[in-house]
Amino acid sequence: MIQHIHTQIFETANGWVVSVWFDKGLAALTLPQESPGEAIYAIERKLSSWKDRNAFFVPDVPAEELDELLLHFQKLLLDYYNRLPVVFNIPVDLSWCTPFQFHVLNAIQAIPYGSTLSYRQVSIAAGYPKAARAVGNAAGSNLTPVVIPCHRVIMHNGKLGGFSDKIDFKKMLLDLESSNVRL
DNA sequence: GAACGAATAGGCA
DNA sequence: TGCCTATTCGTTC
């Protein structure tokens with residue numbers, strides 16, 4: 001049962017993003033969109049797949065009512081898109097996912113900024129050594145891209161693999177992270 | 001119970 | 001490299 005819903009919409013260096021928060025933490029996040037309207041459309045698409053939670057709406061919350069956590073997150077995300085090596089130490093609501101998805105997403109969240117893992121390596125880290133393909137499915141169900149860095153999971157041969165929202169986003173995020181990492 | 005992927009490994013040209 | 005096939009596995013319908 002959802003008791004509180006908060007939403008944020010703001011502009012980053014790469015475009016407009018919307019985040020949705022439930023009591024347990026960040027529930028969904030969009031990738032940067034060209035306009036506020038497109039960002040809202042993107043978040044609605046994500047939330048429409050939230051089948052366990054049918055009746056809910058997305059209210060607008062004035063900026064002054066956002067609590068510290070939301071402001072903290074906004075700063076982190078702005079820094080991230082300004083190419084700073086950000087660690088998203090915020091609570092994420094994963095109550096929607098299956099045990100397998102939970103383990104996989106946790107393994108992915110542990111991947112450091114600027115580095116990558118293969119789907120197979122993630123499957124091993126999550127405790128399911130042969131489930132590389134299923135890892136792809138779980139990654140695709142992730143509602144909080146960037147915070148749970150599913151873009152850091154690529155194919156074992158170095159190719160990018162797939163991505164829910166256009167593969168261009170995956171490439172863009174990896175480029176963004178690699179651009180400030182010293183070798 | 002069958003079909004579907006954001007996969008992988010091995011084989012062959 | 002590139003393409004093909006068999007194998008694998010959680011999720012969804």
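Note on naming: letters A, B, ... go to the chains in the order of the sequence lines (proteins, then strands), and numbering restarts at 1 for each one.
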Next on the checklist: Treating primed atoms plus P, OP1 and OP2 as sugar-phosphate and everything else as base, which nucleotides of nucleotides 8-13 of chain B get B, S or - for protein heavy atoms under 4.0 Å?
Outcome noted: SS----
Checklist entry - How would you label the contact of A131(A) with the nucleic acid (heavy atoms, under 4.0 Å): base, sugar-phosphate, or nothing? => result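 Sugar-phosphate only.
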Next on the checklist: Heavy atoms only, 4.0 Å cut-off, all strands: where does F100(A) land among base, sugar-phosphate and nothing?
Outcome noted: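 Result for F100(A) = sugar-phosphate.
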Checklist outcome for this item: Read 5' to 3' with Watson-Crick or G-U pairs under 3.5 Å, [ ] for crossing pairs and | for partners on another strand, DNA chain B gives |||||.|||||||
Next on the checklist: Between S95(A) and D93(A), do the side chains contain a donor N or O and an acceptor N or O under 3.5 Å apart?
Outcome noted: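 Present: a donor and an acceptor within the cut-off.
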Expressed as a whole number of angstroms, how long is the span from [X]:[atom1] to [N]:[atom2]?
| X | N | atom1 | atom2 | answer |
| --- | --- | --- | --- | --- |
| L117(A) | dA7(B) | CG | P | 15 Å |
| K130(A) | dA6(C) | NZ | C1' | 14 Å |
| Q101(A) | dG5(B) | CD | C1' | 13 Å |
| F163(A) | dG5(B) | CZ | P | 18 Å |

Item to check | Residues R152(A) and E177(A) bridged, charged N to O under 4.0 Å | outcome: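 Yes, this pair counts.
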Checklist entry - Could you state the interatomic distance from NZ (K171(A)) to CD1 (I154(A)), rounded to the nearest 0.5 Å? => result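 Here the interatomic distance stands at 12.5 Å.
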Checklist entry - What is the ring orientation for Y80(A) with H151(A), classed by angle as parallel under 30°, tilted 30 to 60°, or perpendicular over 60°? => result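 Perpendicular, since the angle between the ring planes exceeds 60°.
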Next on the checklist: Can you tell me how the ring of F88(A) sits relative to the ring of F73(A), calling it parallel under 30°, perpendicular over 60° and tilted otherwise?
Outcome noted: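 Because their plane-to-plane angle lies in the 30° to 60° range, the rings of F88(A) and F73(A) count as tilted.
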Next on the checklist: Work out how far the P atom of dA6(B) is from that of dT7(C), and round it to whole angstrom.
Outcome noted: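 Comparing P positions in dA6(B) and dT7(C) gives a spacing of 22 Å.
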Just distance, no hydrogens or angles: give the donor-acceptor pairs under 3.5 Å from side chains in residues 159-169 of chain A, sequence neighbours left out.
unit_1	atom_1	unit_2	atom_2	d
S164(A)	OG	G140(A)	O	3.3

Next on the checklist: According to a hydrophobic-cluster definition based on side-chain heavy atoms being under 4.5 Å apart (Ile, Leu, Val, Met, Phe, Trp, Tyr only), do L84(A) and L173(A) belong together?
Outcome noted: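 Looking at the clustering, L173(A) is in the same group as L84(A).
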Item to check | I124(A)-V153(A) co-clustered via ILVMFWY side chain contacts under 4.5 Å | outcome: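 Hydrophobic grouping puts I124(A) apart from V153(A).
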